[in-house]
Amino acid sequence: MNALALTWEWLTDPASWTGAGGILAQSVAHLRYSFLALLAAALVAVPVGLWVGHTGRGRWLAVNAAGAVRAVPSLGVLFIAVLLLLPRLRGELAFELPALIVLVLLAVPPVLAGTYAGVQATDPAARDAARGMGMTGTQVLRLVEIPGAMPLIMSGLRAAMLQIIGTATIAAIVGLGGLGRFLIDGQASRDYGQMAGGAVVVALLALAVDIALAAVQRLVVSPGLTTAGPGR
Amino acid sequence: MIRFDSVTKTYDDGTTAVDELSLEIPGGRITVLVGPSGCGKTTSLRMINRMVEPTSGRILIDGEDVSDRPAAQLRRSIGYVIQQAGLFPHRTVLSNVMTVPRLLGWDRARARAAATEAIEKAGLTAQQAGRYPSQLSGGQQQRVGVARALASGPQIVLMDEPYSAVDPIVRAELQDELRRLQGELGITVVLVTHDIDEALSLGDMVAVMRYGGHLAQFATPAELLARPADDFVASFVGKDRGYRALGFADVAVSPRPERTVRLGEAVPAGSGWVLAVDDAGRPLGWADARSWGGPLTESRVRRFGTIARLGESARLLLDAALSSPSRRGVVVDEHGAVVGTVLADDVLDALDARST
């Protein structure tokens, strides 16, 4: 049987989907890590990005730090984090935390860049008008800069999420659940159908989440920012 | 009244944008700050609402020092219109115009009512109120900018080059409307421009500023044209200031009676230029009947340049005469019906009679 047929067989076998180690259960685990990581990254990167974009301060540091973080290999960070944290933490957490650290590090640069660029790109005339009409600094940020930055903030989050979902497979290396299990276990047992099938499921999951986030984007971004051209 | 009291603004790099400016801007009028770029006109304007803080000196609004009030609070009480309109792209027109009322803490219903009224005053439709700025033309955006500045009913409106970015036809329209709005509301308008024509046509008072932030002259447009304080003002006002001054000169010219002809009426050959009018007596144009005669047809009627209204300035009367193919300028009454014509000489004689 060729690889395609093997993959198809694995994907269409009901047994692959159900049960504790099935595709559905692993997808849920995968999504849990992914959203947790995205949330943590957003909690760090969005406020920093807003601050940098609004004040113009620390731009150099933010750009370079984000670039440096991007260059760090995920697998390396994972092993270092495990080695450092394993003796200090107990149970699942000792493995889960290192995996999350890797994913958060991965997600921070795109979210930071999107947020910062979005705020930075506010029309200077709109900002001047906002101040001139009597908005305080925080009101300018809240009422003008953040709503205007939403398209870029959302693109940052979506780019980050795609990377997280792809990379979250490495959690399986340190024995955690998620769709990475099929890749690691499939390789260990030379079950290539399972390996390739797992990869396909990861890709589909990433696609589905991106479509969901695109829907969210449509809800939170004002139509005024997407309608183009004078429609007199 | 807005009073500048020896106001100086020196930036950190040592450039002096405004130098010892003392000026009394009258309330309920349009005052224009005009000058070449780098003359400190925008800086002066922005010091009124504390967008720029003076290095020394004071600015008083009705006797109160602007620096005594928190900047944000002060700004909410003063309308602010800028060149690129600076609308918030994520908000509808209505929501843009509601900005200041909402900042003042008005409830939604009251803010909405005030914004709706301001939108109407600024010449926009209820349908446009629901649009986003990106769906509007530049001129319409500028109208929204004006509506947004007026929504909370401020006594003072500051305008920084509000019409520089729109085309000349729309600009003239917006300028007329500003005049009308200012008259209706009795507000104090301080407007910055680099365009001397705009300054002379809009301003009740004009402050001409020169490079380095010095006030060169503060006077009415007629005064600026008739008696420029120095060579700088004279050259800034322009070479044709003698002619332009006519725009402020009221002259007593009585129009000469003019025989008018309706379409279809027979015109004897050799009648010279005849003035064609419609049934309401409104001018249609001139027909050349020097070597032609017969019933007047539309194709025989030539358009003509300008028409002066009864009692308008010497400049418009003279222009009507000079732009007419017959050299006779058409004068109409308030309904647009022909009263008669004037010759350029009539206007010049009247001017001579006035100055002697």
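Any value given below was found using the heavy atoms of this structure, including those in side chains, with hydrogens, waters and symmetry copies removed. Just so we're on the same page: letters track the sequence lines, and every chain starts at 1.
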Novice: Tell me, for A:M135 versus chain B, whether the close heavy atoms (under 4.5 Å) come from the side chain, the backbone, both or neither.
Specialist: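 Both parts, heavy atoms under 4.5 Å.
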Novice: To the closest 0.5 Å, what do you measure between CG (A:L225) and CZ (B:F88)?
Specialist: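 A:L225 CG to B:F88 CZ: 13.0 Å, rounded to 0.5 Å.
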Novice: Around B:D13, counting heavy atoms of other residues, nucleotides and ligands shown, do more than 12 lie under 6.0 Å from its CG?
Specialist: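 Yes, the 6.0 Å shell around CG holds more than 12 heavy atoms from other groups.
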Novice: A quick test of your reading: do over 12 heavy atoms of other residues, nucleotides or ligands sit less than 6.0 Å from CD of B:E53?
Specialist: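 Enclosed: over 12 neighbouring heavy atoms sit under 6.0 Å from CD of B:E53.
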Novice: Based on non-hydrogen pairs under 4.5 Å, which of A:A130, A:G148, A:P124 is most in contact with chain B?
Specialist: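 Answer, by heavy-atom pair count under 4.5 Å with chain B: A:A130.
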Novice: Heavy-atom pairs under 4.5 Å with chain B are the metric here; pick the option from A:V144, A:T122, A:T136, A:D123 that has the most.
Specialist: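 Highest number of heavy-atom pairs under 4.5 Å: A:V144.
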Novice: Please check if the number of heavy atoms outside A:L219 that lie under 6.0 Å from its CG is greater than 12.
Specialist: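 Check passes, neighbour count above 12.
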Novice: Within the structure provided, determine whether B:R75 and A:M133 are in side-chain contact (heavy-atom separation under 4.5 Å).
Specialist: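 B:R75 does not reach A:M133 side chain to side chain.
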Novice: Is A:D128 close to B:Y80 at the side-chain level, that is, under 4.5 Å between some pair of heavy atoms?
Specialist: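 Heavy-atom side-chain distance check passes, below 4.5 Å.
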Novice: Could you check whether atom CZ of B:R179 has more than 12 heavy atoms from other residues, nucleotides or ligands sitting under 6.0 Å from it?
Specialist: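 Buried by this count: over 12 neighbours within 6.0 Å.
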Novice: Measure the spacing between CG of A:L143 and NE2 of B:H90 and express it to the nearest 0.5 Å.
Specialist: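 It is 7.0 Å, given to the nearest 0.5 Å.
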Novice: So with a 6.0 Å cut-off around CD of B:Q73, is the heavy-atom count from everything else above 12?
Specialist: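 Counting neighbours around CD of B:Q73, more than 12 heavy atoms of other residues, nucleotides or ligands fall under 6.0 Å, so yes.
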Novice: I need the residue from B:Q84, B:M51, B:R50 with the largest number of non-hydrogen atom pairs under 4.5 Å to chain A.
Specialist: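 Most heavy-atom pairs within the cutoff with chain A belong to B:M51.
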Novice: Side chain, backbone, both or neither: which part of B:P89 has an atom under 4.5 Å from a heavy atom of chain A?
Specialist: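 Both parts, backbone and side chain.
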Novice: What residue, out of A:A125, A:A129, A:G132, has the most heavy-atom pairs lying under 4.5 Å from chain B?
Specialist: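 It is A:G132.
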Novice: Check the surroundings of atom CZ in B:R171: do more than 12 heavy atoms from other residues, nucleotides or ligands lie under 6.0 Å from it?
Specialist: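 Atom CZ in B:R171 is crowded, with more than 12 foreign heavy atoms closer than 6.0 Å.
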Novice: Should we say atom CZ of B:R180 is surrounded by more than 12 heavy atoms from elsewhere, each under 6.0 Å from it?
Specialist: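 Yes, the 6.0 Å shell around CZ holds more than 12 heavy atoms from other groups.
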Novice: Are any side-chain N or O atoms of B:R76 and backbone N or O atoms of A:G134, one a donor and one an acceptor, separated by less than 3.5 Å?
Specialist: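 Yes: the side chain of B:R76 pairs with the backbone of A:G134.
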Novice: Using heavy-atom distances under 4.5 Å, tell me whether B:L103 contacts chain A through its side chain, its backbone, both, or neither.
Specialist: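 Only the side chain of B:L103 comes within 4.5 Å of chain A.
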Novice: Are there more than 12 heavy atoms of other residues, nucleotides or ligands under 6.0 Å from atom CD of B:E184?
Specialist: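 For B:E184, atom CD is crowded (more than 12 foreign heavy atoms under 6.0 Å).
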